[in-house]
Structures are given as structure tokens and as C-alpha cells.
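Each remark here refers to the structure printed beneath this line.
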Amino acid sequence: PQDNKPLRRKSRMNSDEKEDCECAPPQAETSPAGGPERWGRSQERRAAAKHLIERYYHQLTEGCGNESCSNSWCASSVGFNRMDNNAAAVKALELYKVNAKLCDPHPSKKGTASAYLESGAHSNSACSNRKMNHKDVHSVRDNFKDVNYLTEEKVYEILDICGEKEDYSPLIRVIGRVFSSAEGLVQSFRRSKPHTKEELKSLQGKDEDKDEDEKEAAACSATAMEDDSPASSSSSRLGEGSSGENDVQKLAPDEVSVDIEAVRRVYGRLLSNEKIEAAFLNALVYLSPNVECDLTYHNVYSRDPNYLNLFVIVMENSNLHSPEYLEIALPQFCKAMSKLPLAAQAKLARLWSHYSAEQIRRMLETFQQLITYKVISNEFNSRNLVNDDDAVVAATKCLKIVYYANVLGGDLDMEHNEEEDEEPIPESSELTLQELLGEERRNKKGPRVDPLETELGIRTNDCRRPLIPFEEFVNEPLNEVLEMDKDYTFFKVETENKFSFMTCPFILNAVTKNLGLYYDNRIRMYSERRITVLYSLVQGQQLNPYLRLKVRRDHIIDDALVRLEMIAMENPADLKKQLYVEFEGEQGVDEGGVSKEFFQLVVEEIFNPDIGMFTYDERTKLFWFNPSSFENEGQYTLIGIVLGLAIYNNCILDVHFPMVVYRKLMGKKGTFRDLADANPVLYQSLKELLEYEGSVEEDMMITFQISQTDLFGNPLMYDLRENGDKIPVTNENRKDFVAQYAEYMLNKSVEKQFKAFRRGFHMVTNESPLKYLFRPEEIELLICGSRNLDFLALEETTEYDGGYNRDSRIIKEFWETLHSFGEEQKRLFLQFTTGTDRAPVGGLGKLKMIIAKNGPDTDRLPTSHTCFNVLLLPEYSSKEKLRERLLKAITYAKGFGML
């Protein structure tokens, strides 16, 4: 019975393949002895043998696709020893002779192994003529079933043949097979390199002692393998061959072995055909889950870094953002891509950083469109969190790679970094108790840093001008549905199964990030309050859960700064408590409004030019540190503390610094380009010096010695170089002169003052995610609020109480009156109602103001609760009386009382 098995298998294969056999009957005179019928049966047997050998060959090189396969001669089985193409071809002949077990193709191999079963007729016709050359083999092999990877030339060859026949189904099948196979796609579109002797070696004639049928079948299969042999060793599974590793060793950190330009040209020619485009879509749906599995469980990238080619090729598809991809294909691909290890993500970012802004924007829009589509098509709320949507999370992680590519590809300044504080900021004396209570500070070692940022060795603040504006990475629909309290919890807990969008702050707008910072500050305040209560119970200390400041209105600087200085020296942790301000002789209870006025008064006093701590530029309306101030460093430290407290207590300050101050607070020194807003006159002069076409030395006669004036108008000389007065500025050294000049003006001349200022600021914010979340321009918005006052937006969001509504007569007259005010009067109204004349982050539309009825018509003035942004408005009898009473209230408002 055992001997009958091969006959049964052969006869089955013959019957399957006879139906579609296109071999023409040979002429009688050319047939061998025995007649045409016997000759035809011989040809059929040879074709069947050749087909079986090919199946054994692909079983040895690719496997059947079944991960639990038990066939010891299948590449899919556990413990199978890999072999090269030549060894596999020889072994296939041996397995055919002994009729070894032949696996049926697994569904995961539908595009490769099963193609050999389905297209047996074409294999028969290819083998029927022994004298056929390689080109003839390709011309009739319409299904291209042996094409397991693609090159640009191969695509064009198949495209031309399909074009001649006006039938693109063979090309569609090839694309489906290659683009649904990780192995095939990784080997495709490699950069050209010389073929090795191993690849050029023919298998023909290996076993001359074999019978004619076997030799002929081996020759046919060897011919097919020679023509389509990949550039790097074979179609063996990824990570097993040494040639892939050698390729990687020769590549730079920002290079891959794929020919990107060739991929773009191929996509350009193929995507115009709708049927072919559908093949890419279907292949991606099939490919992505397998890739995700490979990256999650098989650690495939560490074994073969060329695996990254797959993502490079797929991302060059310019149709990824089309609606057909958004439902299934792109979400699945993003999930696979998000599983890439950190090193692979960094390499992708470095590679894409060399792309043009247009190409970066295409990838940006692809991921943004998927996020927006998923957000809009789902109803996210507190019970159905957007954080739990795998597609949105995966697309955001992929967008992070594009974001850092955008940073790397922009205008980078990696050198000018501020030095760290020499003295560490003192820890709280309560730290030991916190540790005993299991509440050790999470961020003692400094602020959080993104792992990809660390891997790349850059920071967002190193980029002066990105390829694409940072604002384009913000996704507004996502911000609208994000439950920030939940997201902040995930951010702090740092669990693997819960994603926080605060780990990708580029996608959040300033309003959302400000809310996250608010939660962080409040939780820290509550923590300090709880620790204080425990201290009072354990050690019997007086309960003091707040940072209390009792000040006299006419001595606000002396009282406030002396108190803050004592706190900073004795226990800096008290600065993290909630601020509670009390004006001596006034009845106001601080629920936020009193603090707002305190900060406003302190800032007005500190930045008064008569004090001399800061200089004021009338042209730019900006303040700068006075390099010749008589105040000691402690005073500047206290100013930094005040700025930090304002952020910590969610108060807006009327501070006017140039942007370079916020860049310096974030760790970057000032450079020549920062003079553009800090000192525009000097900037323009130095720019003209750089662009001057004549002889700088002869025409301008300047040296490396510069002069400044002190508070009393006396000139002060400074040498930018040693003996600078003797070194002329020339065309050759003028760039150095400009750089040294800017370095002195923005850094060296105010080094002591700024270091003290920064130290005070960090005393309050050192444990905050401030640096992690915000860019310098957003820090300015956080401290100063928005300068754009849109009172129409305020009208839209205002709520009413006490009997008023939007349609009340008095309310309509109130808004008509307010809109008729001038800019200064509108600022006075804001100061009167909210405690500050600046709009919060996000504009006046984010200000929750309430107008409440305060009795019938009366001569009393309107009043306000600045803590809660509540305006108490009597129902005045006329519009004229309303205007007169309101103007008087906002013009002469000062001080707090109890209502």
C-alpha cells in the first residue's frame, strides 16, 4: 500500500492540471517511439513532477504558514533548520523521490504557495518546451506566480505585459501577494547592488545521474528561481540570514536599504488605476495584523532591522488618507506601526526628517484624518473614553514619529543651552515623612522626558523653526472630547494598559494642556495640605495648610517679598501650598480674586522703572533685566517665585517680556535671532553689518569693544574678546562679532540676575510638568494670558442668574453698552469683574462669567465677585443710567469689602 501513494498523488495532480493544460499536441513526426498519445502522457508526468518539486521547494523556503505545523520538512515548523535556495532546490528533489509529506497551504500563505496549485496549467506550459529561454518563460508565465518580491523594473515589466493584453489581473495578484507578505515587502525595492556568485549560480545539472523527468523538472524550477532571486540571499524568513545584517551595518542611522525614489515612481504609475489601488488596500488589511504579531511577540526588528523597509514602503502610498483606508486598513496599520521598538521609531524619524515639508505634511494629514474620523464617528464621553480607542491611540503614537521628524528636519539649535543651577533646589524638610507615608515625590530627579526625545538626543525647544508649524499637529476635535481629569490620572499613574494624551502634548492645544497643569497643581496643593495636617497631628505643630501672605496695600513689595524670602529659606515646600492673600484692614476673603489683585499690584511695583530692576523699551513696550541694577540677587529670586506662584495658582500677570526670556526659562540661551524682538534696533544694525558688501574694516571702523550706558547715563565699555579695542571687525570675523555681541547682550550681561530669577521660578515649578507640556510661546500665554480681547466670544459664553436671561432688556442694553466702550474701558471692566485685564488661555470665550440680578432700579453701583467672575448688576431703569453707573464702578474700583 505504501508504494501506491505516489501513484495516487501523481494521478490526482494530473487530473487537476489536465483541465487547464494549454499544451498543443505535438506533430507526429517529432513524437518519440510509441506515438503522440504516449508522448503527451510523458509531458504531463514531467509537468506534474516539476509542480510537486516546486511545492516542496516553497515548503522548505517559505513554509505553509501554519505556526503549529508538525512537518519536519516545512519551514513553518518549530526547530526547522533554514537553508539557502540551492540547498532547498536539491532537497526538494530528494523529498519528491521519497514522496515526503507535503503540507497544504495555510490561509496565511494564500498569496504565495496556493498560487502554485491554482496556476498549475501555466507551469505545465512553461515546462513543455525544453529549449525555451528565460525571456520566453516570462512572456507566457502570465500569473507571475514565482514573483515573491518586487523591484521597479519587475513592476514595469509586468505592467507592460498586462497593458498589451489589457488584463491587469496578473499584476493585481502579484501586488496582493507581495504587499500582503511582510517577507516579500521587506525584500522589495532594495537599493541596487552587485549580485553575489551564490545568486548567479545555476542549479541546472546538479544531479546528472537522475532520470530525465527529474532533471528536466529541476532545470525549470532552477530557471524560475534564478530570475527572481532577491538581492539579499533569499525568500527565507526575516532575521535568519546574515546578509541582511551586513546591509544594516553599512547603513547610516538615517538610512534604510529600500530605494525610496523607486517606490515613489512605482506608486505614481500604479495608483491611477482603481483596480490596482484596491489591491494595495486589500493587501494592507491582510498584512497589518501579521506585522503587529511579529513586532509584539517575535521581536523581529532586533533580528532584522531591514523590517523597517515595510513601513517606509507603505507610508509612501499617497492614498492612505482616502476614505477607503480609514475604516479598517489604516487603523490596523497604525496599530502595527505603534508596536515598533524605540530604536526603530527613532530611525524612522531620522529618515523622514530628510523628507520635504510637503511629504511630512502628507503623513501628518494621514494620521490626523484618521484621528478626526474616529473622533467624529464615535460618541466619546466620561464612560466611553477616547483613550480606550485603539485606532486613535495608535495614530497618535505614529503621529509622534512624524512630529519628531518635523523637529529634526527643521532649523535646529543644539548648542546654546543654559547651564543648570549650580546649587540644587532645596528639598522640603517634610520629605522623610512623605516617604514614611508612601508618598515620595515622583519627579524628584527632574521633569519627565519623552523616551523618543531621549533616543534622538533632541528637545522640541532645540527647534527654532520646524518644517511644518507646530500648530498643525494640534487636533481640535480630539481636544473637545478628551476627558482631561481621566487623562491626567493615566499620565500620573503611567500604566501600560491606559494611554494618556499628555504623553503626546503636541496634539493638545494650550487650553487642554493648561487644564492638565491645573489638575497637577491642585493635586500638589492638596498633597501639601494633607502632609501639613499629618505633621500637626504627629508633632503638635500649628496647623498651617496654606501659603498665607498678609500685606499692606501701600507696602506690598516690602511685606510680600520679605515673607516669601523667609519661606524660600526655611521650607521651600510651603511655596507649593495654595496661596491665600489678605490685605490688612480689608474684609475680602481670598477665593482667588484677592490673589489676582495681589499679583497685579506686585507686578506693577516690581516693573516700575523707578525701582531699577528692569529696563523698559518704549519702542517695543517690553521689559529687560537691568545689568547694572543695585538690587541683590535675592530680589530677582523673589520675582521668579512670584511668576512661578502665578502659574501655580492659575493667575494671569500683566508681564511684558521678550520671548527670549521664556526660551531661557526652558533651558535655551539667547542668540542673534532673539534680538529681533528683544532689541529690534540693534538687531537691524547687526543684520546690516552681516549683509554689507563693502569693506567692513575700512568703512565702519568698529572693534570688538562695545559700550553701554548705566542707570545714570554713564558709558560702560566691554571687550567681546581680550583686548577687543585693538581687534577690528572685518568681513571675515563679522559673524563672530555679531554672535559675541548677542551673547553678551542676552546672556553674559544679565547672567547673575537671570540665574537668580530662574532659580526662584523653579522653586515653585521644578516638580511640575510645565517643561514637558509647553513650548516657550505657550509659557508666555500661560503667564500673560491672551492679548486679544474678543468680547463677542465672552457674550456667547456668559451665563445668567437671579432672574436674568439672554433676552432680558437690561442684559441686551448691558452688552450694547460694553461693546461701545473703548479698548481701555473694556480692560477696566475685565479688571473689575475678573481681577485681571487679560484674557485667559484660549481667549475670553474660555472665561465663565456670570451676570446676576442685584435688586431693582437703584443708585447703587454694580459690584463683583472677582473670585468667581460674577457681576452683580441692579436692574437700572434706563440704558443711560446703566452706562453711567457701570463706568463709575470700573473707573474707581479699588479694594475689597464684604457684601
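Each residue takes its place number in the sequence, starting with 1. The model shown is predicted, which means the values in this text are computed figures rather than measured ones.
Counting heavy atoms from C-beta on, the side chains of Leu171 and Asn273 never come closer than 4.5 Å. Using a 4.5 Å heavy-atom threshold, the side chains of Trp73 and Lys91 count as touching. Considering only heavy atoms from C-beta on, Val266 stays 4.5 Å or farther from Leu150 through its side chain. Between Leu95 and Leu60 there is a side-chain heavy-atom pair separated by less than 4.5 Å. The closest side-chain heavy-atom distance from Met315 to Leu348 is not below 4.5 Å. Using a 4.5 Å heavy-atom cutoff, the side chains of Leu364 and Tyr403 are not in contact. Taking 4.5 Å as the limit, every side-chain heavy atom of Asn71 sits out of range of all side-chain heavy atoms of Phe80. Between Val178 and Asn148, every side-chain heavy-atom pair lies at or beyond the 4.5 Å cut-off.
Under the 30°/60° scheme for interplanar angles, the aromatic rings of Phe280 and Phe179 are found to stand perpendicular.
Using a 4.0 Å cut-off between charged nitrogen and carboxylate oxygen, Glu94 and Lys97 do not count as a salt-bridge pair.
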Result block: side-chain N/O donor-acceptor pairs under 3.5 angstrom for residues 327-344, not counting sequence neighbours:
from   : atom 1 : to     : atom 2 : distance (Å)
Glu327 : OE1    : Tyr373 : OH     : 2.4
Ser338 : OG     : Cys334 : O      : 3.4
Ser338 : OG     : Lys335 : O      : 2.7

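Listed here is the closest heavy atom pair of Asn317 and Tyr267: N-CE1, 3.6 Å. Nearest heavy-atom pair, Ala75 versus Glu62, reported as atom, atom and distance to 0.1 Å: CB-C, 3.8 Å. Nearest heavy atom pair, residue Tyr325 against residue Leu320, reads CB-O, 3.2 Å. Smallest separation of non-hydrogen atoms from Leu295 and Val300: CD2-CG1, 3.9 Å. Closest heavy-atom contact between Gly176 and Ala283: O-CB, 4.1 Å. Shown here for Ala405 and Trp352, the closest heavy-atom pair between the two residues is CB-CB, 3.7 Å.
Under the rule for a side chain to side chain contact (heavy atoms under 4.5 Å, CB included), the partners of His298 that lie at least two apart in sequence or sit in another chain are Glu67, Cys293, Asp294, Arg303. Remark: Arg264 pairs with Glu261, Glu316 by the salt bridge (Lys or Arg N to Asp or Glu O under 4.0 Å) rule, at least two apart or across chains. The side chain to side chain contact (heavy atoms under 4.5 Å, CB included) test applied to Ser318 returns Leu271, Arg362, not counting sequence neighbours. Residues forming a side chain to side chain contact (heavy atoms under 4.5 Å, CB included) with Ser356 (at least two apart in sequence, or on another chain): Glu358, Gln359. Here Arg265 pairs with Glu152 under the side chain to side chain donor-acceptor pair (under 3.5 Å) rule; sequence neighbours left out. By the side chain to side chain contact (heavy atoms under 4.5 Å, CB included) test, Thr396 is found to be paired with Ile371, Val392, Phe499, Phe501, Cys504, Ile507, residues two or more places apart in sequence or in another chain being considered. Take Asn319 and apply the side chain to side chain donor-acceptor pair (under 3.5 Å) test, not counting sequence neighbours, and it matches Glu277. Here Asp390 pairs with nothing under the salt bridge (Lys or Arg N to Asp or Glu O under 4.0 Å) rule; sequence neighbours left out. Applying the side chain to side chain donor-acceptor pair (under 3.5 Å) criterion to Tyr168, with sequence neighbours excluded, gives no partner residue. In this structure, Asp160 has no side chain to side chain donor-acceptor pair (under 3.5 Å) partners at least two apart in sequence or on a different chain.
Here the straight-line distance linking atom CG of Leu456 with atom OH of Tyr404 works out to 8.0 Å at 0.5 Å rounding. Rounding to the nearest 0.5 Å gives a distance of 8.0 Å between OH of Tyr297 and CD of Glu292. Note: Leu159 CG to Glu164 CD = 10.5 Å, rounded to the nearest 0.5 Å. The structure places CD of Glu365 at 11.5 Å from CG of Leu399, a figure rounded to the nearest 0.5 Å. Note that CG of Leu185 is 9.0 Å distant from OG of Ser180, once rounded to the nearest 0.5 Å. For the atom pair His354 NE2 and Leu351 CG, the distance stands at 7.0 Å (nearest 0.5 Å).
Residue pairs satisfying the salt bridge (charged side-chain N to carboxylate O under 4.0 Å, His left out) criterion with at least one member in residues 393-405, sequence neighbours excluded, are listed as follows: Lys400-Asp450.
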| request: Take Lys101 and Ser70 through the side-chain contact (heavy atoms from CB on, under 4.5 Å) test and state the conclusion after the steps. | output: CA-CA 10 Å; Lys101 181 180 178 181; Ser70 60; 4.2 Å; yes
| task | Step by step, work out the side-chain contact (heavy atoms from CB on, under 4.5 Å) result for Arg269 and Tyr156. | result | CA-CA 9 Å; Arg269 287 193 61 178; Tyr156 295 159; 3.4 Å; yes
| request: Show your working on side-chain contact (heavy atoms from CB on, under 4.5 Å) between Ser169 and Arg173 and close with a plain yes or no. | output: CA-CA 6 Å; Ser169 57; Arg173 282 195 290 272; 3.8 Å; yes
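Counted by atom type alone, Asn309 and Ser257 present one or more donor-acceptor pairs between their side chains at under 3.5 Å.
When atom types are taken as modelled, the side chain of Arg190 and the backbone of Thr151 share no donor-acceptor pair closer than 3.5 angstrom. Remark: the backbone N or O of Glu255 is not paired with any side-chain donor or acceptor of Arg350 at under 3.5 angstrom. For Tyr56 (side chain) and Ala100 (main-chain N/O), a donor-acceptor pair under 3.5 Å exists by modelled atom type.
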